[in-house]
There are 2 protein chains.
Amino acid sequence: MASPETIPVSDAPLDSRAEATRRRVLDVAARLFRERGYAGVSLRAIAAAAGLKAGSLYYHFDSKEALVVEILDEGIRAVHEAVEQAVSALPADADGATLLETAIRAHLESLLRLSDYTSANVRVFGQAPEPVRRRSLAVRRAYDACWDALLAEAQARGAIRADADLRAARLLLLGALNASLEWFEPRRGGVEALAARYADLLWHGLAPRPAAA
Amino acid sequence: MASPETIPVSDAPLDSRAEATRRRVLDVAARLFRERGYAGVSLRAIAAAAGLKAGSLYYHFDSKEALVVEILDEGIRAVHEAVEQAVSALPADADGATLLETAIRAHLESLLRLSDYTSANVRVFGQAPEPVRRRSLAVRRAYDACWDALLAEAQARGAIRADADLRAARLLLLGALNASLEWFEPRRGGVEALAARYADLLWHGLAPRPAAA
DNA sequence: AATTCTGCCTAACGTTCGTTAGATGGCAAG
DNA sequence: CTTGCCATCTAACGAACGTTAGGCAGAATT
């Protein structure tokens with residue numbers, strides 16, 4: 001805590017060299033975890049990719065588990081933030097379809113922009129040691145709850161049929177969106193186009209427009 | 001090859017003890033790979049779970065990589081077979097919606113029934129060593145092609161709108177279905193119910209029935 | 001100028017890894 | 001009863017693993 005007489009403005013300068021190294025380590029570790037899984041990446045490989053020696057990682061992180069927890073949480077947190085921010089930027093009276101498409105677009109855009117962190121989530125979470133999963137669960141649940149609220153709101157605004165099972169809808173929707181991490185290539189049409197196509201497919205379905213009874 | 005004078009009926013008795021052990025090893029290995037990833041599972045752990053010692057695995061498999069390739073291929077192959085079989089059992093004049101729902105049901109049912117093998121696919125393939133991925137690619141591509149043909153046929157029969165991007169549809173659909181491996185619990189409603197809900201959501205979409213212009 | 005702190009390094013620990021070679025007991029064929 | 005294969009075991013190999021302890025140079029503080 002700062003002494004009473006110091007300027008209380010900010011503690012900004014406390015990051016510098018260490019903070020940059022930390023970020024670099026997280027970035028390369030996220031990429032490696034995505035490519036080879038949790039157990040498939042050694043601390044020596046992470047250190048080497050970040051221009052360090054293995055032992056030095058312990059200056060920045062308590063353990064391999066602590067490192068991966070930070071990557072997992074960061075991935076979810078960033079996407080959660082992007083979705084919340086995009087939705088709250090909508091006019092208060094936006095219709096349900098717009099709400100839905102905005103959330104889908106924000107999820108996809110941040111998911112694919114931070115693909116190393118978010119892929120690590122999709123690929124690594126399920127096979128990480130149990131303490132890692134336990135420590136990372138709260139952040140995931142919070143994001144699920146965000147989508148449950150979002151779908152409920154869209155339904156209230158008439159964009160989702162009344163008989164839809166919202167939990168099933170959430171699982172289908174997020175499953176479909178997250179799977180794009182496995183095949184998306186920016187060259188073959190951008191995120192914008194993908195988001196538009198997916199939002200359309202998910203909202204209108206595969207059936208032809210009339211959808212005769 | 002049997003000598004000319006032996007009864008040519010069948011070569012059935014050539015499997016016995018060894019074949020049973022092989023299957024047991026594959027089963028426990030699939031479960032372990034699903035739970036801990038490729039690098040997270042040691043041959044000693046697999047052997048112990050199958051009631052063997054590590055060295056004995058080499059009597060049945062050439063290497064750890066060969067073992068996992070077999071598991072990956074088996075998972076895809078079984079689902080592929082189930083879908084082809086279910087579709088070909090339909091009357092030749094079945095409508096597109098029936099075709100679609102049948103394929104979705106067959107995929108989900110076999111996916112979740114053989115969940116250790118299929119989960120190993122979803123979770124392990126992306127982070128397996130490159131030789132493993134290369135050797136397992138053909139089987140995956142064949143299944144993708146199966147769905148491309150299936151969706152094209154459904155579109156020809158009028159169950160999918162003419163403007164739909166079939167590649168995007170396939171990726172969305174399979175992504176959504178496969179994601180169910182991560183959360184499905186048989187207690188909370190069976191596979192049948194899930195297949196019906198998912199087929200409905202994917203075909204009709206989230207939008208209310210009229211889907212006003 | 002002297003001192004403290006920061007960020008990283010070297011070296012080593014005990015353990016576990018995939019894999020191999022050779023031995024061994026049981027079961028089946030002669 | 002003997003022979004030989006079949007399925008598994010034991011023991012060991014070098015390499016790599018996560019983690020720790022202690023050292024060391026340069027920057028920051030006094």
Side-chain angles (χ1 to χ4, degrees), chain A residues 2-3 5-6 11-29 32-33 35-71 124 127-132 135, chain B residues 2-3 5-6 11-29 32-33 35-71 124 127-132 135:
Chain A
S3 66
E5 51 209 18
T6 42
D11 309 62
L14 59 76
D15 60 313
S16 60
R17 193 122 216 119
E19 210 59 36
T21 301
R22 235 183 101 85
R23 173 53 53 185
R24 203 172 61 243
V25 169
L26 288 169
D27 284 348
V28 303
L32 290 173
F33 281 133
E35 289 169 0
R36 304 187 218 161
Y38 177 73
V41 179
S42 68
L43 292 182
R44 284 168 175 84
I46 295 173
L52 297 179
K53 300 295 177 165
S56 310
L57 294 178
Y58 285 83
Y59 181 79
H60 303 279
F61 305 93
D62 284 344
S63 66
K64 189 184 182 185
E65 295 195 352
L67 205 175
V68 82
V69 165
E70 198 153 330
I71 290 174
V124 163
Q127 54 194 225
E130 202 263 331
V132 169
R135 269 187 283 174
Chain B
S3 68
E5 52 209 18
T6 42
D11 310 62
L14 59 76
D15 60 315
S16 60
R17 193 118 215 122
E19 210 59 36
T21 301
R22 235 184 101 86
R23 173 53 56 188
R24 203 172 59 244
V25 169
L26 286 169
D27 283 349
V28 304
L32 291 173
F33 281 134
E35 288 170 0
R36 305 187 217 160
Y38 177 73
V41 179
S42 68
L43 292 182
R44 284 167 176 85
I46 295 174
L52 297 180
K53 299 295 177 166
S56 309
L57 295 178
Y58 284 83
Y59 180 80
H60 302 279
F61 305 94
D62 284 343
S63 66
K64 189 184 182 186
E65 294 195 353
L67 205 174
V68 82
V69 166
E70 198 152 330
I71 290 175
V124 163
Q127 53 194 226
E130 201 263 332
V132 170
R135 268 187 283 175

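Quick note: numbers below take in every heavy atom, side chains included, and nothing from hydrogens, waters or symmetry partners. Every value quoted in this text rests on a predicted model; they were computed, and no experiment measured them.
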Item to check | Listed partners of A/Arg23 passing side chain to side chain donor-acceptor pair (under 3.5 Å), at least two apart | outcome: A/Tyr117
Next on the checklist: Under the criterion side-chain contact (heavy atoms from CB on, under 4.5 Å), I'd like the reasoning laid out for B/Val68 against B/Val41: C-alpha separation, chi angles, the key distance, then a yes or no.
Outcome noted: CA-CA 11 Å; B/Val68 82; B/Val41 179; over 6 Å; no
Checklist entry - Taking atom CG of B/Asp27 and atom CG of B/Leu32, what is their separation to the nearest 0.5 Å? => result 11.0 Å
Checklist entry - Which atoms form the tightest heavy-atom contact between B/Gly37 and B/Val124, and what is the distance? => result CA-CG2, 4.2 Å
Next on the checklist: With a cut-off of less than 4.0 Å, is there a side-chain N or O of A/Tyr59 near OP1 or OP2 of C/dG7?
Outcome noted: yes
Next on the checklist: Taking salt bridge (Lys or Arg N to Asp or Glu O under 4.0 Å) as the cut-off, I'd like each qualifying pair that reaches into residues 42-66 of chain A, sequence neighbours left out, listed once.
Outcome noted: A/Glu65-A/Arg135
Checklist entry - Would you say D/dT8 has OP1 or OP2 under 4.0 Å from some side-chain N or O of B/Thr21? => result yes
Checklist entry - In the 5'-to-3' direction, what one-character label does each nucleotide of nucleotides 10-30 of chain D receive under the scheme B = base within less than 4.0 Å of a protein heavy atom, S = sugar-phosphate only, - = no such atom? => result B-B----BBBB----------
Checklist entry - Atom CZ of B/Phe61 to atom C1' of D/dT8: distance rounded to whole Å? => result 15 Å
